[in-house]
Amino acid sequence: MKDIVSLCKRRGFIFAASDIYGGLNGFWDYGPLGVELKNNLRDRWWKDMVITPPIGPDGSPIEILGVDSAIIQNPRCWEASGHVGGFCDPMVDCRESKKRYRADHVFVLVPKDGEGFSFAFDKDDEDDVIEKRLQKLAKGKKVEDFERTMLDQIDPAEFGEIIGPDVKNPGTLTEPRQFNMMFHTFVGATAGDENKAYLRPETCAGIFLNYKNVLDSNRAKVPFGIAQVGKAFRNEVTPRNFVFRSREFEQMELEWFCEEDEVPMWFDFWLEERTRFWESVGIPKSELHFLNVPKEDLAHYSSRTIDVEYRFPFSAPDFDELEGIAHRGCFDLTQHQEFSGTKLEYFDQANNRRFLPHVIEPSTGLTRGVLALICQAYTVDESRPSGVYLDFKPSMAPKKAAILPLTAKEDHVPTAQKLYMDLREDYNVDLDIKQNIGKRYARQDEIGTPFCFTIDNETSKDQSVTVRHRNTMEQERVSLDNVKAFMKEHISKA
RNA sequence: GCGAGUGUAGUUCAAUGGUAGAACGUCAGCCUUCCAAGCUGAAUAUGCCGGUUCGAUCCCGGUCACUCGCUCCA
């Protein structure tokens, strides 16, 4: 992983944000090649979703519409989604056991006579565990001698008298701290609670907020989908693993609205489609893993979620989440309907009935996808000068080809320039004239350019150039006239 | 947020209480007819802030970042 991070910096894929100031934990910038790669992945997703959506089970193309909603929305929408209420749980750390507890998940036995210490327990602790611990530490007191109170109901000033759940001495618990995952900001020039707003922690809310607008303006009929790509922000406790968990990231989310009884069919449909997508951009199925998220780990709104996981270098041999496909039920529309007071029911004219559609959400991290593409492409090959090459699918590669005059002299350069000007109309290509040919091949290997066209003495004789293939380093001759056709053939099918 | 470790050119590594050196890469020139070749030259570093000291890259403190473990990940 270290090597990948260093290659990303060295060649201009991904830099630490504010690098010259020493960086900022959890934020990353995309360099010249990184932004191309990210755009390629994003554009492919957008094309596969919105421009040419898949063929549905009935044989005709399904309907998906795109939106691009604001990052900052009315803060009430985050109350509806549960982000404001549900995720501000005060947490308490134990200085000795190094554990962290939710203050509302810890209860405390406070002595009724006010003498001696109080004892904290996890809310799930069984009675016999509690009794045993009291026997050891409470100097003869029994459960009946205590009053049971939740930790978040106790004044932190009295924490000094409490013995934490996993320790033997009092005074190790810190004050409760709020851990709100949402970044907040203020709308308007004055900073106060009345104009507090949030940076969206996920893009899907903007879809639900526009669900009615899209329906009304586009004659959409259930089942249909709304797609969005955009930035989201989460104040992660621990940004880790390069761009995998960062505080500012980019999501590609589809909300698929359908009838409740068709949920199982569409769920399977999207699972299959999304798997196909990842394969098509270069992630082999062998490196993917499908995690049926266990009930106890499901989000509050979801009754079924499958995580599409990828074998990242930092997780290997295990996998980490790349995409989540969730059945969100009608939770979001119900909540927004209630909080906004706007009716969001769908009217099915054919059957003359109103209902709130259920939602299947394939939600993926664009920036995580970029990381997966880079990790997957990273190929060590000691036999070649660069020692490594990036095995991108040609369609994903930031640069599709490099045009290299064999020498900087003679008539190689003008021919190369002409070819470059011609190719760049259709493809993102490089023209590189300086230094010997080996160095230039090596450089292109490191950034994953699939093809290099080399102009040599023979070119002026027979109007042909050498194509050098990145993965095999093999060469073949192609006539100048056929270079475009060659590109078209090799890039469109991959 | 806690604990442990780390921090020297783009990268990988040296060295030192007296102000840093190499290799590779990068750039320029020469030379080169297909894989980081050769020759000549050049630019570039002690994360940041403070303290101790005559003097700190080195010792101390803070901070920032990275790695690992915990925690978190709706």
Side-chain angles (χ1 to χ4, degrees), chain A residues 1-3 5-12 15-27 78 81-89 91-102 172 174-182 201-202 204-205 232 234-242 244-247 249 293 297-302 305 307 314 320-321 324 326 328 331 363 365 381 383-389 404-410 412 434-446 452-460 465-468 470 473-475 477:
Chain A
M1 198 62 208
K2 236 178 127 183
D3 297 333
V5 176
S6 128
L7 174 70
C8 282
K9 179 175 186 187
R10 188 152 41 89
R11 288 304 180 193
F15 309 118
S18 327
D19 201 8
I20 60 171
Y21 286 96
L24 183 61
N25 196 358
F27 296 88
W78 304 114
S81 67
H83 287 89
V84 172
F87 314 110
C88 305
D89 311 309
M91 306 294 284
V92 169
D93 288 311
C94 175
R95 293 188 192 91
E96 195 169 319
S97 71
K98 308 300 177 200
K99 290 196 174 177
R100 168 176 291 168
Y101 315 94
R102 273 177 66 163
T172 62
T174 64
E175 277 188 33
R177 279 176 288 225
Q178 296 280 326
F179 285 86
N180 190 338
M181 299 297 273
M182 280 195 293
E202 55 187 15
C204 70
R234 292 180 195 175
N235 217 340
E236 296 286 357
V237 177
T238 314
R240 274 289 156 91
N241 294 326
F242 203 25
F244 180 79
R245 176 165 300 131
S246 46
R247 291 182 165 136
F249 57 104
V293 178
D297 295 340
L298 285 174
H300 58 286
Y301 52 73
S302 181
T305 299
D307 282 347
F314 49 79
D320 228 325
E321 184 181 352
R328 295 181 75 113
F331 170 82
S363 162
D381 178 3
S383 75
R384 68 176 69 202
S386 59
V388 66
Y389 66 101
L404 312 173
L406 189 55
T407 68
K409 289 197 163 172
E410 310 191 39
H412 299 170
K434 297 281 180 144
Q435 294 180 328
N436 74 58
I437 192 71
K439 285 191 184 189
R440 285 177 282 166
Y441 283 152
R443 210 184 344 248
Q444 296 300 332
D445 278 349
E446 266 197 335
C452 291
F453 296 103
T454 304
I455 287 85
D456 56 19
N457 284 343
E458 282 179 54
T459 305
S460 51
V465 294
T466 303
V467 189
R468 184 247 193 201
R470 175 194 62 207
M473 297 194 282
E474 277 169 7
Q475 301 186 350
R477 295 297 288 195

Just to confirm, is there a sub-4.0 Å distance from OP1 or OP2 of B:rA37 to any side-chain nitrogen or oxygen of A:K439?
yes

A:F15 CZ - B:rC66 P separation (whole Å):
16 Å

C1' atom, B:rG5 versus B:rA74: distance in rounded Å?
32 Å

Nearest-angstrom distance, P atom, B:rU63 to B:rG69:
24 Å

For B:rC58, which nucleotide in any strand shown is its Watson-Crick or wobble partner with both distances under 3.5 Å?
none

Could you give the NZ-to-P distance, from A:K9 to B:rU11, as a whole number of Å?
5 Å

A:Q435 side-chain N/O to B:rC27 phosphate OP1/OP2 under 4.0 Å
yes

Is A:R468 close enough and on-axis enough to A:Y441, meaning under 6.0 Å and within 45°, for cation-pi?
yes

In whole angstrom, give me the gap between the P atoms of B:rU26 and B:rC68.
30 Å

How far does the P atom of B:rA9 sit from the matching atom of B:rC49, given to the nearest Å?
16 Å

When all nucleic acid strands are considered with a 4.0 Å heavy-atom cut-off, which category describes A:Q475: base, sugar-phosphate, or nothing?
base

Over all strands shown, is A:E474 touching base, sugar-phosphate only, or nothing at heavy-atom distances under 4.0 angstrom?
nothing

Find the distance A:L7:CG to B:rU12:P and express it as a whole number of Å.
12 Å

Could you pick out which residue, A:P239 or A:G387, lies toward the 5' side of RNA chain B when each is mapped onto its nearest nucleotide?
A:G387

Think A:N436 has a side-chain N or O under 4.0 angstrom from the OP1 or OP2 of B:rU32?
no

Side-chain N,O (A:K434) to OP1/OP2 (B:rA28) below 4.0 Å:
yes

Within the structure shown, what part of the strands sits under 4.0 Å from A:R384 by heavy-atom distance: base, sugar-phosphate, or nothing?
nothing

Base partner of B:rU44, which must satisfy Watson-Crick or wobble distances under 3.5 Å:
none

Working to the nearest 0.5 angstrom, can you tell me the gap between A:L406 CG and A:H412 NE2?
6.0 Å

Distance test, side-chain N/O of A:R443 to OP1/OP2 of B:rU26, below 4.0 Å
yes

